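Comments concern the structure below.
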Number of protein chains: 2
Amino acid sequence: MHIEFSPDDFQVALSTSVVLYGFDGEDLKLLIGTKTNEPYKGADVLPSVVVKPKEDPILVARELMRSITGFDDWLIERLNVFADPYRNPVGRVVNIAYYGTLRLSEDLENDLRHSEYRWVKADHIPPLAYDHNDIVDYSKERLKRRVKRRPIGFSLLPREFTLNQIQRLYECALGRELDKRNFRRKLLKSELLIDTGKTIRSSPRAKRPSGLFRFDEKKYRTLSLEGYDFVYQ
Amino acid sequence: MHIEFSPDDFQVALSTSVVLYGFDGEDLKLLIGTKTNEPYKGADVLPSVVVKPKEDPILVARELMRSITGFDDWLIERLNVFADPYRNPVGRVVNIAYYGTLRLSEDLENDLRHSEYRWVKADHIPPLAYDHNDIVDYSKERLKRRVKRRPIGFSLLPREFTLNQIQRLYECALGRELDKRNFRRKLLKSELLIDTGKTIRSSPRAKRPSGLFRFDEKKYRTLSLEGYDFVYQ
DNA sequence: ACAAAAGTGTTACACTTACACCCATGT
DNA sequence: ACATGGGTGTAAGTGTAACACTTTTGT
């Protein structure tokens, strides 16, 4: 097999975009920004950046996430490559997209309020420039699959959370309602939750407080190594 | 958000590799070739080809598959992008890999015998140049996942096959033994198999012939649309 | 008749689903 | 006392897993 590159072959540019999910206790959301230069000036886009020829896309994507959030408490994973020859009008640009999850906090919310990004509900994404709506659609499918098989949801929740919060998150990600008793039974049976003994009032209107749980990461890692699969069909 | 490409950013080349699976009734195999020019001259590699800056990788990958097999009776799907900056010594080359399945036949076997490719058992892959072993590992995981959820296996089998053949295929893909009775019950319950009424002797030593089945593609498409998931854990 | 692979059922257990009321607390 | 969301159990059905022998056919 003869494989040979000519100088003409080295004329492609790389970019990366990230789909960043957050969950505010009510809705699943993701971050979008606005393009400030041509092409597509003024259009909504995913957080994106050029990847220089010597750079590694995952590192660039991580750096982008760090620049958005200001810290490192998140999960990131490769999504896909978007390589349609005409996806970018400025030339041949191959986009290597990632998706990640953020643990929302007041600090982060405030930071973002003064940044160039804003949250939109994951089930009401506005039209985006380039093929970014395709990227978002793809990431939603992936998130759904991940939520079904891995306890990824915990990375979207506060470190301590109520069972109702996590149920709501699962309902958002899976796009359907779940039975409260069955959901709890299943989750508790996995023994991946630690009851902190603490309680919290979920809203001013809620009189009775709910119990707070933590995710047992150490146990999960052990189980993972043994091939454990947390499956929620 | 300001995203701007400078001319210097357009210095990346693209390539594509395909992982082609076949099943001969005994073992799951895949195709590899030998590099005839530097770098890595003489080393084993996946079937690979340069993607020109104006080309679409999926079309190039399909053309590569066509050139290998001589016909169109196969399935192909994007696998992943391999973008480590130093994966290729000749420069920055991003590889967009695909995997596919072939329906082996005597004609195809003969064609390949005179080609630059050869079959190796999927569980005994020799060391390959570049990061091609990573690509193969990734494709194996993908195949495993696909086999679990979709009746992809049929695309590796002859149009008419025995239940023992398909069980053997599943055992190869999943990497473990399955109970014959349970496997048959599950498969037949899905009602995706049509009993042709015909029989075949699976080997010269087998005295009793086995029944031949066909995959009901039409029914599968209908069920797919309804969100049916064929799950084999 | 024998060798070889094809084919076939049952039982115990685990998991899933559907379903409705009482509880704890703050106001 | 009442309003609010928090929390709980059971029963029927479905799917899974483990298990060994009989049947058919060619030689």
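Quick caveat, the model's predicted, so the values are computed rather than measured. Every chain is numbered from 1 and lettered A, B, ... according to where its sequence line falls, protein lines coming before strand lines. Excluded from the calculations below are hydrogen atoms, water molecules and symmetry mates; all remaining heavy atoms, backbone and side chain alike, are included.
Here the P atom of nucleotide C/dG9 and the CZ atom of B/Arg185 are 10 Å apart, to the nearest Å. Look at CG on B/Leu178: it is 13 Å from P on D/dT16, rounded to the nearest Å. In this structure, the CZ atom of B/Arg184 is 19 Å from the P atom of D/dC19, given to the nearest Å. Atoms CG (A/Asp179) and P (D/dT8) sit 14 Å apart, rounded to a whole Å. Nucleotide C/dC15 holds its P atom 15 Å from the CG atom of A/Leu187, rounded to whole Å. Counting to the nearest Å, the P atom of D/dG13 and the CG atom of A/Asn182 are 16 Å from each other. Note: CG (A/Leu163) to C1' (D/dT8) measures 12 Å, nearest angstrom. As a whole-Å value, the separation of B/Arg168 CZ from C/dA5 P is 13 Å.
Across the interface with DNA chain D, nearest-nucleotide mapping of B/Lys189 and B/Lys180 shows B/Lys189 to be the residue nearer the 5′ end. Taking the nucleotide of DNA chain C with the nearest heavy atom to each of A/Arg181 and B/Leu188, the more 5' of the two is matched to B/Leu188.
Under the salt bridge (Lys or Arg N to Asp or Glu O under 4.0 Å) criterion, B/Asp216 pairs with no residue at all, not counting sequence neighbours. Shown here are the salt bridge (Lys or Arg N to Asp or Glu O under 4.0 Å) partners of B/Lys29, two or more places apart in sequence or in another chain: B/Asp24. Applying the ring-ring contact (aromatic ring centres under 6.0 Å, His included) criterion to A/Tyr99, with sequence neighbours excluded, gives no partner residue. Judged as a salt bridge (Lys or Arg N to Asp or Glu O under 4.0 Å), and not counting sequence neighbours, the contacts of A/Glu63 are A/Arg66.
The distance from atom SG of B/Cys172 to atom CG of B/Asp123, rounded to the nearest 0.5 Å, is 7.5 Å.
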Exercise for the section: List the steps and the verdict of ring-ring contact (aromatic ring centres under 6.0 Å, His included) for B/Phe161 and B/Phe213. Expected result: CA-CA 5 Å; B/Phe161 50 84; B/Phe213 291 78; 7.2 Å; no
With a cut-off of 3.5 Å and sequence neighbours excluded, list every side-chain donor-acceptor pair involving residues 189-200 of chain B.
unit_1, atom_1, unit_2, atom_2, d
B/Ser190, OG, B/Leu187, O, 2.7
B/Ser190, OG, B/Leu192, N, 3.3
B/Asp195, OD1, B/Gly197, N, 2.9
B/Thr196, OG1, B/Lys198, N, 3.1
B/Thr196, OG1, B/Leu212, O, 2.7
B/Lys198, NZ, B/Glu160, OE1, 3.1
B/Lys198, NZ, B/Glu160, OE2, 3.1

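A heavy atom lying under 4.0 Å from DNA chain C marks the following residues of residues 196-208 of chain B, by number: B/Ser202, B/Arg205, B/Ala206, B/Lys207, B/Arg208.
Contacts of B/Asn164 with the nucleic acid, taken as non-hydrogen atoms under 4.0 Å apart, involve only primed sugar atoms and P, OP1 or OP2.
When each of D/dT25, D/dA20, C/dT16 is scored by its nearest atom to the side-chain atoms of A/Lys186, the top-ranked nucleotide is C/dT16.
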